[in-house]
Structures are given as C-alpha cells and as structure tokens.
Amino acid sequence: MDPTYLRFTAADPVFYDIPTLHRTARRTVRYHPADGQAWAGWEHHDDGFWSFWRPADRQLPDQGWKIHVTTTPADAARVLRLVSAYCHDHSLPFKHLPGLDELRAANAKDADRAASGKFITIYPGDVAELQSALNGLDALIGGTPGPYVLSDLRWKDGPLFVRYGSFVRTIARDPDGRQILAVRNPDGALVEDRRGAGFAPPPWVELPGFLSEQLDALGAGTAPADFGYQITRVLHYSNAGGVYQATTPTGDPVVLKEARPHAGLTPDGRDARDRLIDEESRLRALAGPTVVAVRESFDFHGHRFLVLDHVDGANLGAEIVARCPAIRATAAPADYLEYRQWALGIAAQLDEAFGRIHAAGYVHGDLHPNNVLVAPDGSIVLLDFEMARSASDDAAAVIGAPGFVALDGRGGLAADRYALACLKLFLFFPLTPLLGLDPLKADDLLDAARDAYALDETWLAGVRAGLALPGRDSLGSRSRLARAADTAIRSWSVGSEDAVLALQVMIGRSLGASADFSRADRAWPGDIRQFAENGYGLAHGAAGVIHALDACSLDIDPQAFDWLADATGFADGTSEAQQLGLYDGLAGVAWLHRQHSRDRQADELLNRLRAIDPSRLGSDLYGGMPGLGLYLLAEAERDPALETDAVQIATILRARHDARPRLDPGDAAPTVRTGRGGLMWGPSGTALFALRLYERTGDRAHLRLAVDALDRDLASCAVAGDGSLQVNEGWRLMPYLATGSAGIGLVIAGLLPHLGDPHRYLAALDGIRAAASTPFVIEPGLFHGRAGLIHFLAYLARTGLGTAASDAALLAHVEALKIHAVRHRTGIAFPGQGLLRLSCDFATGSAGVLTALQAHGLLAHDESRDGWDTLLPLLLPAPASRLVLTNPRPPHEERG
C-alpha cells in the first residue's frame with residue numbers, strides 16, 4: 001500500500017482528504033517564534049502545514065543553499081525560540097512547523113524518508129550568509145538531538161543540515177508529462193529538484209569549500225570498515241530505518257533490522273530505536289518455532305541494529321498471490337480445493353502460534369500478511385514484534401496495517417483476535433480494508449468466500465466471532481431508505497434494464513449526498529490526485545462525475561456546472577502548472593461542455609488550448625498530447641481547420657517515438673516503469689490518437705504510427721502462468737484499463753479492421769481477453785479495477801471479438817461488483833484506490849462503476865445501444881458494424 005494514501009486518511013473517516021485539515025482541527029501544542037523580538041516588520045502567513053516568516057524588505061533568489069533544523073518533540077519549543085531569534089537579528093527568512101501534530105507527522109514512521117525530520121527551514125541570500133548562519137546557529141544549538149535529514153549534508157554534529165534547492169515552489173513537467181518540483185539549470189531550463197535519500201546537489205552547483213570540508217569529515221560515500229556484517233540486499237526502507245539481508249563474517253545468512261534515532265515516530269511517542277529495543281525483549285521472551293529468532297543487537301554510529309535469523313520463504317501476501325486460483329482465468333475446481341486446504345492449514349498454524357503468544361501474556365499488536373513468513377515446508381514464522389505488549393494492556397492500537405485494525409478502539413487480546421480473523425478472511429478474499437468503511441461487508445465477504453471455496457459454516461462462524469462486528473440487526477435503527485441500500489447490495493440484481501437502473505439510482509444517491517459545492521478545491525471527493533492536479537478533471541474531478549451521471553440519465557445538480565465554470569474560469573492556459581489534458585484538465589472539461597451544448601464555455605477553453613505549444617505536454621493520453629489530439633479531432637467535426645492542429649501533434653509524437661531508445665533484441669522480457677505502460681501513460685495512447693487521425697484523414701503515415709506505438713507497448717507485455725498477456729512492470733503484471741493490457745487490447749480491437757494481416761494481433765488479444773477474465777479483482781474502479789475490465793469485455797462483445805468464455809466473464813464481473821459495494825447513507829458507494837476510503841470520481845470510484853453498469857446494460861438490454869461511444873470519453877470509436885475478418889482463425893490458434 002502506498003503510504004501516501006495513508007496520510008490522506010487522517011482528515012476524514014469516509015473519504016480521502018487533505019491531511020492538514022485533520023491537524024488544523026485538532027492542534028494541541030503550538031510552537032511560536034521568540035516573543036522577545038519585534039516581528040511587526042515581518043510578513044507572516046500559514047499554509048496549514050508550514051508557518052512562514054520573512055522581513056518585509058527582504059527579497060530572496062528563487063533557489064540556493066538552505067538550512068534545515070531538526071529537533072525532537074521535547075526540544076522543539078526551545079529550538080524554535082533560539083533559531084527564530086537568530087533569524088530575526090540577522091534578517092533571515094524562515095519557516096517552521098506550527099505545532100506538535102505537524103512535527104510528529106513530518107517525522108512519522110510512514111513519512112517520506114528523504115525529506116523527513118525538517119522542523120525549521122532557513123533561507124540565506126548567498127554563500128557567505130549560509131556560512132555565517134551555520135556557524136552562528138551551531139554555537140546556539142549545535143549537538144541538540146534531532147533526526148538525520150537523509151537528503152542533506154549534516155553540519156558538524158547537527159541538528160543543522162544543508163541542501164541546494166528551490167526557495168519558492170516551482171512546478172514543471174518531466175518527459176512523461178508528470179508534474180515535478182523544479183529548479184533552473186544555468187541554461188534557464190527547469191529540471192527536477194531531486195530529493196533522494198542521500199546528499200546530491202545538482203551537477204552544475206559548485207560545493208563551497210566549507211561544505212566540501214564537512215563532506216570529507218563525514219566520510220560520505222565510504223563504507224564503514226568496522227561494521228562486521230556484509231549487506232547483500234535491501235529488503236525494505238522506511239523513515240524508521242532499513243531491513244537488510246546480510247552475511248556474518250563466517251558467511252551465515254542473517255537479517256539486519258536498523259532503527260534510526262529520533263526518527264520514525266509512532267503516536268505513542270516512541271522513536272524507531274525505542275521500538276527496536278522493545279521488540280528485542282519481546283522476541284527473546286517468546287522464543288520458539290513460530291517466532292523469528294534473535295542473534296544479537298548492537299549500536300553503530302548512533303543507529304540500533306537487531307540481528308535476526310534468516311528464514312527461507314516468502315511473506316504470506318506473496319504466497320497468496322502465487323497460489324490463489326481466483327486470479328487465474330484458467331483455474332479449475334480442483335485448484336480451488338487445493339488452495340482451500342493450503343489456506344486452512346495456514347489458518348490453523350496461525351491459531352496455534354497466537355495461542356502460544358497469548359498464553360505467554362503478550363499480544364502481537366501488528367498482525368498482517370507481510371509479518372508472516374511461509375517457509376518452503378509450509379510452516380509459518382511471525383515477524384515484526386515492535387508493537388507487541390502485555391496482553392493485559394487494553395489500550396487501542398496506535399498503528400497497524402489498514403484492513404487489520406478494528407476502528408472501534410478495541411485493544412489487547414480483542415485487537416489481536418480481530419487481526420487474526422481478518423487474516424483468515426484475507427486468505428480467501430483479501431478485501432478486509434472494506435470492513436472499516438462498512439462493517440456489514442464482513443458477511444458479504446464471508447459469504448463470497450464460502451461460495452467460492454466451499455468453506456465450512458463452523459469455520460466461518462469462528463471468523464465472524466473474531467471480527468465481532470455489528471451485524472444486520474444494527475440496521476434496525478436506520479431509515480427505510482438506508483435499509484433499502486442494504487437490500488440492493490445483498491440482492492445485486494443485474495438481470496434486467498430496470499434492475500440495473502435501480503442500482504444506478506442507489507449509486508446516484510450516494511454521489512448526491514457526497515457533493516460539496518462550497519469547497520473551492522473539489523466538488524466531489526475522489527482520489528488523492530485531485531489535490532495534486534485539480535478538482536475539475538474527467539479522471540478525478542467534477543467533470544467525470546457529471547459525465548457519468550449524464551451517461552446514465554441520472555439527475556445532475558444545477559450547481560455542478562456552476563462550480564465547474566468557476567473552477568476553470570480563472571485557469572491560465574499558458575501556466576507551467578496548469579493541467580490541460582483530456583483526463584486531467586481543460587480539454588476534458590471542454591469536451592464535457594460541448595456534450596451538453598454549453599458552447600460558450602467550450603469555445604473559451606478551446607481557444608486557450610489552441611494558444612499553447614503542444615510540445616510542452618507529455619506523450620501520455622491522460623494529460624498529454626495524444627489526449628489533446630483526440631479532443632481536437634472531436635472538435636474538428638465542427639471546425640475542420642482543427643485537423644491541422646491534430647496533424648501537428650502527430651508529427652511531434654512521431655518524432656518522439658523515433659527518438660526513443662530501441663528495445664534490446666536480446667532482452668526476452670522488456671519492462672516498463674511502474675504505472676507508465678498501457679493506454680493512459682504508455683505508447684498505446686499515441687496509437688489510439690494516431691488511429692483516430694488515420695480514420696479521419698486516410699493518411700497511412702498515421703496508421704504506421706499507430707502500429708509502431710502499439711507494438712512498443714505490446715513488447716513490454718509478458719505471458720503469465722495462466723496464458724494471459726499483461727503489462728510487465730518488472731515486479732508485477734498488470735491487466736487493467738489504464739496501465740495494463742486491457743487498454744492495449746482496446747486499441748488492438750479498434751485497429752484490427754484496418755490491417756491486412758491481423759492474425760498476430762488476434763493472438764495478443766486472446767491473451768489480453770484471458771487477463772481481463774480472472775474472477776478476482778482487488779479494486780472496483782475504471783482505471784485499475786473491475787469497471788475497466790467490464791468496459792473492455794463489453795467492447796469486445798459489441799464488436800464481435802468476444803467469446804463465450806469472455807462473455808461469461810463479463811457477466812461475472814458485473815455481478816461481482818456486489819463484493820465492492822459499500823452502504824453509504826441512503827445509497828451505494830465504492831472504494832477508491834487502496835480501498836481505504838470511498839471515492840466518487842470517474843477513474844477510481846463510483847462514477848466509473850456507474851458507466852460500467854451502463855455498458856453492461858446497453859449490451860444486454862438495449863438493442864439500439866445509443867450513447868455507447870461516449871461512455872469512455874474519446875476512447876471508443878463511433879458506432880460501427882461488427883468486425884468481419886478475411887481468412888479468420890480460431891481465437892486459440894496462435895496463443896503462445
């Protein structure tokens with residue numbers, strides 16, 4: 001789970017929201033600059049996370065050397081008084097964290113390890129002022145305890161650290177079109193302001209002599225000669241430290257667990273070092289066959305190390321992925337029975353291990369799949385006892401993995417029993433985070449597990465007892481409308497047009513209840529990307545929700561379009577930071593306005609978009625040139641002159657494609673960076689745009705670009721063990737619509753009628769069809785979940801490229817949306833990415849599910865199928881006849 005999503009769960013129990021909203025609401029201890037100074041001549045503002053102070057007459061450069069000051073909660077108030085007084089006396093601008101909540105968040109266990117620890121940032125005007133400030137502040141606070149800022153150079157004994165970077169927030173885009181924090185190089189170009197876990201100034205920046213001397217004194221980049229262990233592999237990094245595979249001087253394999261002092265704070269006030277000391281004592285007290293064994297512990301350069309036995313095997317989460325038949329399209333009933341026996345065996349071992357731990361008077365406190373190792377012989381070993389404590393301690397857990405911590409505050413043995421029950425459920429249906437959003441999902445998931453794996457009712461009752469969550473009898477206090485939502489989820493009828501509409505109405509109720517047009521940053525809550533991008537785009541903003549409601553003929557609050565106009569009315573189409581693309585920005589909003597005959601608004605945005613240089617955009621469909629090109633082609637139906645703009649984009653994309661490094665013919669398994677392949681961020685986006693341009697112009701140069709770009713994406717696909725074809729990210733295979741093979745398959749399906757010999761693409765489509773047909777999917781959303789697979793399989797069925805098996809898989813996906821459905825107020829909602837919070841948006845949440853149900857409904861119940869081509873904005877072709885191939889072959893003929 002991306003820890004960034006965890007930080008966005010703090011402000012609201014139902015939706016992802018800005019973390020600072022939570023902290024602002026519950027601030028306790030506040031920090032203030034020295035009160036003995038006259039601050040009247042200083043400008044001051046607070047952005048919710050940082051408090052900024054600058055002399056009114058002081059101007060600073062956009063970038064340069066800056067000083068970071070770290071501290072512990074115990075010293076924070078004193079350190080700020082001393083440092084702020086020095087800054088006041090020397091007219092040095094600075095910023096500081098305004099309270100204890102922010103300090104703990106900045107240095108928490110799940111904080112960004114490269115940037116964590118910063119309490120105060122000081123902005124010297126030049127190198128001379130930098131040196132003077134370092135010496136002056138070192139005389140005041142040098143040696144005061146504080147965490148190490150990994151991206152910086154430590155000054156003497158700390159807590160002062162130095163790095164070169166931007167003084168003002170400057171945004172640019174990388175070659176993939178992603179927003180990045182930037183500095184200017186000597187040529188004036190914006191380049192990424194990198195913040196890695198090591199001191200690395202930009203290559204053109206000369207290191208001042210006094211910093212070079214400090215770097216030499218620290219011995220940076222040299223391995224310690226007296227460490228005693230040879231690290232062979234990094235297993236895990238966090239802000240608390242690292243976990244490493246290593247060997248002893250005699251060659252024995254071990255695992256080293258490192259704890260940084262004053263870093264990786266947990267809400268109980270302990271730092272990583274304190275927790276590792278506590279963990280060692282618990283492990284020694286619980287020594288036995290199911291608990292990892294301790295060899296020794298030691299301190300080295302202030303860091304604490306725990307040396308553990310190396311256990312061959314994989315964590316339980318990886319074992320589930322490797323064995324689970326529900327993620328393979330070709331699994332037979334015997335595979336399910338075999339998996340059931342293995343999983344029940346693991347569950348029995350967990351019961352025995354926890355019985356021993358509890359009998360010894362302890363609780364584990366942080367049970368989840370990654371803390372259970374499965375050895376090659378099938379036995380289990382428990383890891384990570386840093387949160388273990390006395391079984392008599394009933395205090396609520398202070399941290400824990402989402403999906404394994406009860407949200408009702410239970411502690412002690414009850415908390416361990418809950419986590420153990422969640423883990424048993426996870427073995428069969430790994431959707432336990434849903435229990436925090438809707439406790440009644442326990443019955444839904446257990447019933448689904450029973451049906452899929454023929455589980456015994458007595459065993460299931462034991463899991464229910466461990467969960468101890470409210471049952472359906474709790475619905476008695478809720479309104480008739482709320483109970484109707486529960487009934488709709490339990491029955492989940494999709495067998496008729498009226499039944500599908502009834503579910504869509506329920507989803508529309510939740511969307512209506514979730515809207516908040518009083519907020520300027522968003523109208524509907526969705527994925528956390530809406531805070532980094534905007535709240536108005538098709539993917540994660542208001543435009544996508546409005547589109548989905550309209551596509552399903554559901555009511556749209558008139559305030560929605562007013563909000564959308566306000567949100568985009570101020571946007572500067574020439575701004576470096578402005579999102580302009582089809583799914584992230586103004587092009588998508590303009591398309592929506594045109595769909596609703598709001599021509600004045602559409603024309604205004606179109607004029608802005610035509611004024612930009614398209615080459616400044618990335619090569620991705622999501623926010624870059626291919627998406628903009630698709631929009632311009634749609635507008636060319638009204639104004640044919642826009643075709644020229646689209647051809648210009650194709651010319652740039654052709655040049656970019658040709659400039660890409662050629663794939664190594666000796667590489668049997670090419671990979672793509674995580675999340676950068678497929679339709680939205682990979683070459684298939686270029687292929688789709690070039691295909692549409694060819695269909696409009698007949699120019700075969702555009703068809704060649706479509707084929708070349710598609711082939712590039714297909715080259716990064718790999719055949720999985722079940723014969724399915726998926727995008728290979730090196731560490732995982734992806735079948736989904738946005739960054740997986742389903743999106744590539746969508747382009748293949750559109751390209752086939754234009755090819756003289758489509759057979760090799762039909763072979764690829766066989767594998768992609770299989771990838772989209774697996775029974776189990778973690779998320780329900782459009783981009784990375786079940787809704788996107790529904791759209792893909794429905795499109796194949798519509799164009800004659802489906803099979804009996806894929807048509808059955810399509811219906812199974814529609815029915816399985818029930819598993820993800822959450823009772824929300826008087827309606828039905830769906831969780832977003834990570835399943836930790838609900839999402840309304842088109843890419844990850846309820847709006848995308850709405851359109852998936854509509855695709856199913858049009859295919860199954862509406863012979864006219866009007867409105868199909870707009871369900872996925874500009875991704876599907878105009879309605880056409882079913883595909884007829886010359887010299888067709890059976891779909892299975894060329895597989896493999």
Side-chain angles (χ1 to χ4, degrees), residues 1 232-236 243-246 252-257 279 282-283 286-295 306 308-328 331 334-358 364-388 400-404 416-432 449 452-453 455 459 462-463 466 720-722 731-733 776 778:
M1 177 67 211
T232 58
R233 181 185 171 198
V234 176
L235 298 176
H236 176 67
V243 181
Y244 313 94
Q245 275 187 4
D252 292 340
V254 293
V255 171
L256 300 181
K257 191 168 182 179
E279 179 176 10
R282 305 294 189 259
L283 288 173
L286 292 168
T290 55
V291 173
V292 66
V294 175
R295 290 199 171 200
L306 185 60
L308 305 170
D309 273 354
H310 177 268
V311 180
D312 287 331
N315 71 59
L316 181 56
E319 282 290 294
I320 291 171
V321 171
R323 294 170 177 269
C324 181
I327 60 174
R328 301 197 301 271
D335 298 318
Y336 282 81
L337 294 176
E338 179 183 351
Y339 180 82
R340 180 187 69 179
Q341 294 310 111
W342 173 82
L344 290 175
I346 294 293
Q349 290 189 67
L350 287 166
D351 279 335
E352 183 177 349
F354 272 77
R356 188 174 73 83
I357 291 169
H358 294 166
H364 183 280
D366 191 19
L367 177 63
H368 57 80
N370 290 351
N371 284 344
V372 181
L373 274 182
V374 182
D377 65 1
S379 62
I380 65 165
V381 177
L382 300 178
L383 310 174
D384 200 352
F385 280 72
E386 66 178 36
M387 301 309 297
F404 299 90
D416 252 16
R417 293 189 189 107
Y418 179 86
L420 182 57
C422 284
L423 194 48
K424 292 177 181 178
L425 174 55
F426 191 91
L427 282 164
F428 295 100
F429 255 83
L431 298 176
T432 52
Y453 295 95
L455 294 173
W459 189 87
V463 176
D722 62 352
W731 63 286
R732 65 178 181 182
L733 300 180
F776 181 76
I778 290 286

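Along the sequence shown, residues are numbered consecutively beginning with 1. A quick note: this is a predicted structure, and the numbers were derived from the prediction, not measured.
Counting heavy atoms from C-beta outward, Arg732 and Val321 have side chains that stay 4.5 Å or more apart. Contact of the Asp722 side chain with the Ile327 side chain is not registered, since no non-hydrogen atoms from C-beta on lie closer than 4.5 Å. Within the 4.5 Å cutoff, no side-chain heavy atoms of Leu427 are placed close to those of Leu344. Side-chain contact between Leu382 and Val292 is absent, with no heavy atoms from C-beta onward closer than 4.5 Å. Side-chain contact check for Ile380 versus Leu316: every heavy-atom pair is 4.5 Å or farther apart. Side-chain atoms of Leu283 and Leu306, non-hydrogen and from C-beta on, do get closer than 4.5 Å to each other.
Note on residues 345-356: pairs passing salt bridge (Lys or Arg N to Asp or Glu O under 4.0 Å), not counting sequence neighbours, are Asp351-Lys424.
Here CG of Asp335 is found 12.5 Å from CZ of Arg323. Values are rounded to the nearest 0.5 Å. In this structure, the separation between CG on Leu420 and CG on Leu425 is 11.5 Å, given to the nearest 0.5 Å. The distance from the CZ atom of Phe385 to the CG atom of Leu367 is 9.0 Å, given to the nearest 0.5 Å. One finds the CG atom of Leu423 at 5.5 Å from the CZ atom of Phe404 (value rounded to the nearest 0.5 Å). For the atom pair CD of Gln245 and NE2 of His236, the computed distance is 14.5 Å after rounding to the nearest 0.5 Å.
A donor-acceptor pair is defined here as one N or O able to donate and one able to accept, closer than 3.5 Å; no such pair exists between the side chain of Asn315 and the backbone of Val374. Between the Gln349 side chain and the Gly378 main chain, a donor and an acceptor come within less than 3.5 Å of each other.
Using cut-offs of 30° and 60° on the angle between ring planes, the pair Phe776 and Phe429 is perpendicular. Using cut-offs of 30° and 60° for the angle between ring planes, the Phe428 and Tyr339 rings count as perpendicular. Classification of the His358-Phe354 ring pair by plane angle, with boundaries at 30° and 60°, yields perpendicular.
Applying side chain to side chain contact (heavy atoms under 4.5 Å, CB included) to Lys257 and the options Val294, Leu383, Asp384 leaves one that passes, Asp384.
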Step-by-step side-chain contact (heavy atoms from CB on, under 4.5 Å) determination, Asn371 to His364: CA-CA 10 Å; Asn371 284 344; His364 183 280; 4.1 Å; yes
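By the salt bridge (charged side-chain N to carboxylate O under 4.0 Å, His left out) test, Asp309 is found to be paired with Arg295, residues two or more places apart in sequence or in another chain being considered.
Taking both residues in full, the closest heavy atoms of Ala331 and Pro325 are given as CB-O, 3.3 Å, listed atom of the first, atom of the second, then distance. Nearest heavy atoms, Ala353 versus Thr290: CB-OG1, 3.7 Å. In plain terms, the two heavy atoms of Arg328 and Ala322 that are nearest each other are NH1-O, 4.1 Å.
Note: Tyr453 and Trp459 fail the aromatic proximity criterion, with ring centroids not under 6.0 Å apart.
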